[in-house]
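Take a look at the structure below.
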Protein chains: 2
Amino acid sequence: MATARKPNGQSSGQASGTSSAGATIYSVAERAGVSIATVSRVLQGAGTVSTTTTQKVLDAVEQLNYVPLGAARSLAVRHHEAHGLILPELSGPYYAELLIGFESRAAELGQSVTLMLTEGKADIARAVRQLATHVDAIAVLGSAAMPPAVARALHGQKPVVIIAGAPQEGIESVRAENARSAEQLTEHVLAHGRTRLLFVGDPDGAPDISERHAGFVAAHRARDLEPAEPLRVAFREGTGEAVAERILAGELEADGLVCANDELALAIMSHLQDAGRDVPGEIAVVGWDDVMAARYVRPGLTTVRQPVHDLGVLAAERLHQRVSGGRPLLEPQVLPTALVIRGSCGCAAP
Amino acid sequence: MATARKPNGQSSGQASGTSSAGATIYSVAERAGVSIATVSRVLQGAGTVSTTTTQKVLDAVEQLNYVPLGAARSLAVRHHEAHGLILPELSGPYYAELLIGFESRAAELGQSVTLMLTEGKADIARAVRQLATHVDAIAVLGSAAMPPAVARALHGQKPVVIIAGAPQEGIESVRAENARSAEQLTEHVLAHGRTRLLFVGDPDGAPDISERHAGFVAAHRARDLEPAEPLRVAFREGTGEAVAERILAGELEADGLVCANDELALAIMSHLQDAGRDVPGEIAVVGWDDVMAARYVRPGLTTVRQPVHDLGVLAAERLHQRVSGGRPLLEPQVLPTALVIRGSCGCAAP
DNA sequence: CTGTTAGCGCGTTCAC
DNA sequence: GTGAACGCGCTAACAG
């Protein structure tokens with residue numbers, strides 16, 4: 001009855017009963033007195049195995065503390081059961097929330113997620129190729145994270161979905177609505193009687209920002225107002241302070257600031273307040289993202305909440321669909337956003 | 001000269017020159033007119049291959065857009081070149097920062113990272129086993145994330161390191177210093193003349209909190225003061241409000257709050273302020289973690305900054321050491337923390 | 001219900 | 001400098 005084994009090594013003579021560093025399906029089979037096929041069956045839940053045999057196998061697994069080798073399984077089934085997620089960085093709640101959504105949905109679908117952060121990587125293209133090696137499909141946040149060349153290379157090899165990035169060729173993309181919300185937000189500030197609004201953020205920096213700026217412009221046009229040129233600044237904390245300084249110095253004139261994100265808005269607002277300026281009295285400030293701090297500062301920051309979590313969920317879902325043979329969606333998937341009115345725009349709210 | 005091939009399928013007749021969905025090392029070899037051994041050599045940079053041959057291979061790789069199958073390589077080399085990271089959740093900057101440190105160091109070491117979030121998972125043990133299948137080693141944040149039973153099972157199979165969690169048996173652990181910093185922080189508030197301090201957080205909730213509470217107690221003892229019983233609350237936003245309400249109602253009496261983390265401190269502080277209380281005039285509030293909001297609120301939140309990023313780096317490093325055959329460290333690795341004094345403790349700072 | 005056997009794609013000795 | 005052949009551990013037909 002002893003089952004024959006092909007592979008090498010640790011046959012019977014392996015020390016005591018419990019624990020063996022590299023237990024394989026062969027050792028388990030031997031221990032249980034069955035064939036590897038049977039072991040595989042009970043572990044995969046496929047086929048039918050008698051209760052007694054099942055128990056014997058389970059016991060052997062337990063005793064040997066058997067951990068299947070994922071690589072071997074992946075090779076046999078011909079897919080990794082893993083999704084790759086490429087994020088530019090991980091600061092602030094935006095990326096984290098997206099990651100949470102992505103991971104949770106992926107897990108539900110039985111896929112593990114391999115994360116890669118591009119920030120700080122010397123050779124991103126190399127890292128992406130390395131990632132592609134271990135996963136079935138890849139989601140990238142913001143096109144900037146993945147050089148178009150790499151994207152093109154991957155595309156066709158593995159399913160790719162771009163999250164909140166510039167659409168490329170026939171690559172799928174999912175994103176949040178920006179233009180219309182930005183228009184509403186701007187109109188809201190305008191409706192408070194403000195007339196000299198400034199858009200703080202670089203429209204050329206990311207498609208998201210570009211759309212928000214477009215909304216900013218549209219709101220002005222609707223009132224026959226001429227929008228000022230955007231204040232093209234990057235997203236670092238220091239820049240917020242710098243903008244505030246320029247306003248305090250009278251270099252910049254405005255009675256309302258529409259910032260491309262909350263970090264920027266928060267930094268500017270607190271700096272202005274420290275200098276004795278009244279927000280929103282003298283100048284209204286609104287942001288984008290609804291980060292935690294937005295509801296703790298006073299006045300509360302009026303902003304726009306994005307369905308970031310759902311964006312992650314959607315990305316994971318699309319990837320899984322594609323891996324399962326689904327066709328790529330031609331149209332970008334767009335999720336709705338929501339205005340969050342607090343006090344910094346001039347409303348009575350705290 | 002045509003090389004023979006073992007595996008199936010797509011031999012010569014495969015459509016046009018470029019792109020083939022599932023290029024393998026065989027197709028590349030065939031295309032380059034060499035053996036798979038040679039292809040492997042140039043791709044791994046091992047052995048010596050003539051310049052011309054190397055170029056032929058590289059060209060073939062390029063044309064076929066060849067992406068090696070990680071699973072096959074892993075199976076052959078017998079390791080995944082991936083580290084697992086288990087986090088309870090991903091809210092706030094703490095986990096994100098840790099993840100960044102872990103990922104960046106892992107990447108430097110040529111390891112990809114597979115992330116798993118326990119929150120929301122029905123069967124954590126199952127998820128952990130699944131993860132173990134695809135990685136060489138695992139880091140867990142907080143023992144709560146991984147049932148001791150699972151930890152024990154994994155331990156011995158794969159290297160495991162616990163981050164900021166209760167040490168277990170012979171499992172390695174890395175963490176930040178807590179007790180002494182908490183004592184200093186508490187003493188600082190005490191030095192402001194406060195005498196009725198309250199520790200907000202559940203010492204039994206996590207070893208980190210337990211140590212901070214120990215420091216809180218130690219600071220009192222050093223002044224021959226009797227510390228009040230800790231206010232055992234969980235870490236949700238709602239609880240902060242609840243605590244504030246109890247203080248406002250006079251149910252709780254205190255002139256200083258030492259909170260187990262910033263989220264809690266922030267929520268309490270803003271709620272108190274909204275109700276007209278003077279912070280720190282009537283009551284001082286300090287936190288732990290130094291989240292972004294801590295420097296934007298007024299008064300700025302006095303707190304303790306942890307070397308979270310470095311904790312992640314260290315964990316990744318230890319894992320790699322272990323995978324490379326290094327011995328486990330017996331002593332827990334402890335990284336230093338730093339007090340961040342702002343205004344909420346009673347200091348003049350903004 | 002269970003065992004045999006043939007790959008999955010790649011790294012890696014050995015010969016040449 | 002290069003190729004042939006074997007094995008990594010597991011799944012999936014195919015027999016019985």
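A note on names: the letters A, B, ... follow the listed sequences, proteins ahead of strands, and every chain is numbered from 1.
Across every non-hydrogen atom of A:D136 and A:V323, the tightest pair is CB-CG2, 3.9 Å.
The residue among B:T51 and A:R73 whose nearest nucleotide of DNA chain D lies closer to the 5′ end is B:T51. Across the interface with DNA chain C, nearest-nucleotide mapping of B:A71 and B:A37 shows B:A71 to be the residue nearer the 5′ end.
Between the P atom of D:dA4 and the OH atom of B:Y26 lies a distance of 11 Å, rounded to the nearest Å. Here D:dC10 presents its C1' atom at 14 Å from CG of B:L69, a figure rounded to the nearest Å. Rounded to a whole Å, the NE2 atom of B:H79 is 17 Å from the C1' atom of D:dG7. The interatomic distance linking B:E30 (CD) with C:dG9 (P) rounds to 14 Å, in whole Å. Look at CD1 on A:I25: it is 14 Å from C1' on C:dT2, rounded to the nearest Å. One interatomic measurement links the two molecules: CD of A:Q157 to P of C:dG9, which rounds to 14 Å at whole-angstrom precision. The distance from atom NE2 of B:H80 to atom P of C:dC10 is 17 Å, rounded to the nearest whole Å. Here the P atom of nucleotide C:dC8 and the CG atom of A:L75 are 9 Å apart, to the nearest Å.
Of the candidate nucleotides D:dC10, C:dC1, C:dC10, D:dC10 has the atom lying nearest to any side-chain atom of A:T24. Which of C:dT2, C:dT13, C:dG9 sits closest to the side chain of B:R41 comes down to C:dT13. Nearest nucleotide to the side chain of A:I36, out of C:dC10, C:dT5, C:dG11: C:dT5. Nearest nucleotide to the side chain of A:P68, out of D:dC10, D:dG3, C:dG9: D:dC10.
The shortest distance between the side-chain N/O atoms of B:R78 and the OP1/OP2 oxygens of D:dC8 is not below 4.0 Å. OP1 or OP2 of C:dC10 has at least one side-chain nitrogen or oxygen of B:Y66 nearer than 4.0 Å. Contact annotation: B:S50 reaches the phosphate of D:dT2 (side-chain N/O to OP1 or OP2, under 4.0 Å). Side-chain nitrogen and oxygen atoms of A:S35 include none within less than 4.0 Å of the OP1 or OP2 phosphate oxygen of C:dT4.
Among the protein residues, B:T53 comes within range of the sugar-phosphate backbone only, with heavy atoms under 4.0 Å from sugar or phosphate atoms but none that close to a base. Across all strands shown, A:T48 has heavy atoms under 4.0 Å from base atoms, whether or not it also approaches the sugar-phosphate. Using a 4.0 Å heavy-atom criterion, one finds that B:S40 contacts the bases of the nucleic acid, with or without backbone contacts as well.
Rounded to the nearest 0.5 angstrom, B:L58 CG and B:Y66 OH are separated by 12.5 Å. Taken from CG in A:L109 to CD in A:Q111, the straight-line distance is 6.5 Å, to the nearest 0.5 Å.
B:D59 pairs in a side chain to side chain donor-acceptor pair (under 3.5 Å) with only one of the listed residues (B:K56, B:Q55, B:Q63), which is B:Q55.
Checked for salt-bridge contact, A:K121 and B:E103 meet the test: a charged N lies under 4.0 Å from a carboxylate O.
Checking A:T53 against A:S50 by side-chain atom types alone, a donor-acceptor pair falls below 3.5 Å.
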